[in-house]
There are 2 protein chains.
Amino acid sequence: MTVTSSEPTGLRERKKARMRRDLIDAAIRLFHERGFEGTTTEEIAAAVDVSQRTFFRYFASKEDVVLEAAEGVDQSLFDSLRERPADEAPFRALRNAMRDHWEYLEREDLHLQGSAVNLIARSPELIDTNMRYYHRRQARLADALAERAGVDPTTDHRPSLVASVFFAALSNGHQIWCASGCEDLGLLLVHILEQLDLVPQAVGDGWGTPDA
Amino acid sequence: MTVTSSEPTGLRERKKARMRRDLIDAAIRLFHERGFEGTTTEEIAAAVDVSQRTFFRYFASKEDVVLEAAEGVDQSLFDSLRERPADEAPFRALRNAMRDHWEYLEREDLHLQGSAVNLIARSPELIDTNMRYYHRRQARLADALAERAGVDPTTDHRPSLVASVFFAALSNGHQIWCASGCEDLGLLLVHILEQLDLVPQAVGDGWGTPDA
DNA sequence: AGAGATTATGTCAGCCGCTGACACTTCGCA
DNA sequence: TGCGAAGTGTCAGCGGCTGACATAATCTCT
């Protein structure tokens, strides 16, 4: 009962979880090899020796597989957020959590989720897809922020606002990174942090880093 | 040669523009009646007495029709932005342009673009779609901001950041409005402006409007 | 005005994402 | 061991979307 406390009990549950993971792994791998559009759901299913129908019993859509991976990454970000000192202002805490979270990713497991980040980051077609799911990711982040601040996210809309602005800056940093070749993954964090740090001045009376 | 200076010269051009408009109009109307998902591209095409294939020669996708309408609205926002005093800070100018733009919409033509706004605003399924195109809309807005500030949008990323944060707040205001029933369209502006005004404090050391 | 080049349209066939329905197998539990 | 529940495969089908080809409409030039 050490780590296995959250493990599924029955064989059925384990099989299901395994299938889910297998499908995600196969999908991510195929997406890498042939691109997102260049991979059919049948191919993904075939790679795990199941029918296409089964694939769609596990995922609502092809895009969903990617989202699934993204949410895994987000979860780790939320963990980092929880560990930030409570007196840190929300947006700043989020920024620092992002930094911590990144360091964690680089240290621990670039295998599973890291490759997902990698994939999402590098394929332009998935950026739009990702965008589409910002709503969902944003909602989760808003909940995390609300929990941290001890407010009710259904009546207090500030967490949601911070979350959406955060993703906006994130997406922007990502775009900049892509525009500059999508090479060094470490550089991605630099761009993201830069954009996050620019936000306060950009929405203020100034314009961010002045030209002079 | 008064207003017709920008009008297409040939019959062909005029027909094409007309077809485009007819398709948009029919689509928007059908979307209203049966919803976005509930309307097939064949039905849209049939409503204008053309083949489905022709529809897809005018629009890359079904979603594209909606985007087209949205861009029309954005264009009017950009016009309002250009008319803001030059010494106004970018984000503030954008906020005020939004207000001006809205008033303009309410005065002038709620017929065409207004119904597009209405449609996009009211159908939850289109919010995701809309999200997907925020990239494109954001890029245009960034260009408008860059032009206003006299900077190069390809090297200076601040306009893009302001644009994305703007859309983030916009989307947030929209969500709040939807959550509260999607009734009064005028209320939508109130929510949007509220969210826009909250941004500076939300990303600062505070938390926006304090509880006390 | 008429011939020839361009361009728009219709038709057809087909891929792919996605879904409902039904039969069959596998697993859980008594 | 046997029964209900849950997972899977198969099949048929819809709808978005595209390429290819033939036809019809427009443009251009003489």
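By convention in this document, chain letters (A, B, ...) are assigned in the order of the sequence lines, proteins followed by strands, and residues within each chain are numbered from 1.
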### Query
According to a strict under-4.0 Å criterion, is B:S61 in side-chain N/O contact with OP1 or OP2 of D:dG16?
no
### Query
Taking the six-membered ring of A:F59, is NZ or CZ of A:R20 closer than 6.0 Å to its centre and within 45° of its axis?
yes
### Message
For A:D79 and A:R82: C-alpha separation, side-chain torsions, deciding distance, then whether salt bridge (charged side-chain N to carboxylate O under 4.0 Å, His left out) applies.
### Response
CA-CA 5 Å; A:D79 291 342; A:R82 266 185 284 272; 2.9 Å; yes
#### Entry: Which residue lies more 5' along DNA chain D, comparing B:T39 with B:R12 via nearest heavy atoms
B:T39
### Task
Taking only the side-chain heavy atoms of A:V50 (C-beta and beyond), determine which of C:dT6, C:dC27, D:dG9 contains the nearest atom.
D:dG9
### Message
Could you tell me how far apart A:I44 (CD1) and C:dC16 (P) are, to the nearest whole angstrom?
### Response
12 Å
## Note on the structure
In whole angstroms, the gap separating P of C:dT26 from CD of A:E13 amounts to 19 Å
### Query
Can you find a side chain N or O atom of A:T54 that sits less than 4.0 Å from OP1 or OP2 on D:dT8?
no
### Query
What is the distance from CE of B:M19 to P of C:dA8, rounded to the nearest Å?
11 Å
### Message
Measuring from the side chain of A:K62 (C-beta onward, heavy atoms only), which nucleotide among C:dC18, C:dA8, D:dG9 has the closest atom?
### Response
C:dC18
### Query
Which residue, A:T40 or B:S51, contacts DNA chain C at a nucleotide closer to its 5' end, judged by nearest heavy atom?
B:S51
### Query
Taking atom C1' of D:dT18 as reference, at what distance in whole Å does atom CZ of B:R57 sit?
10 Å
### Task
May I ask you to verify whether the side chain of A:R53 and the base of D:dT8 hold a donor-acceptor pair under 3.5 Å?
no
### Message
With rounding to the nearest 0.5 angstrom, report the CZ to CG distance, A:R95 to A:D197.
### Response
4.0 Å
### Query
Mapping B:K15 and B:E42 to their closest nucleotides on DNA chain D, which lands nearer the 5' end?
B:E42
### Rounded distance (Å) that lies between atom P of D:dC17 and atom CD of B:Q52
9 Å
## Note on the structure
Here the distance between atom C1' of C:dC27 and atom CZ of A:R14, to the nearest Å, is 12 Å
### Query
More than 12 foreign heavy atoms under 6.0 Å from CZ of A:R18: is that the case here?
no
### Message
In whole Å, I'd like the distance from the CG atom of A:D64 to the P atom of C:dC18.
### Response
9 Å
### Message
Under a 3.5 Å cutoff, is there a donor and acceptor pairing between the side chains of B:Q175 and A:H157?
### Response
no
### Message
Between C1' on C:dA8 and CZ on B:R18, what's the gap in Å once rounded to a whole number?
### Response
16 Å
### Message
Check this one for me: any side-chain N or O of A:Y58 less than 4.0 Å away from OP1 or OP2 of D:dG7?
### Response
no
### B:F56, nearest nucleotide to its side chain (from C:dA8, D:dG16, C:dT19)
D:dG16
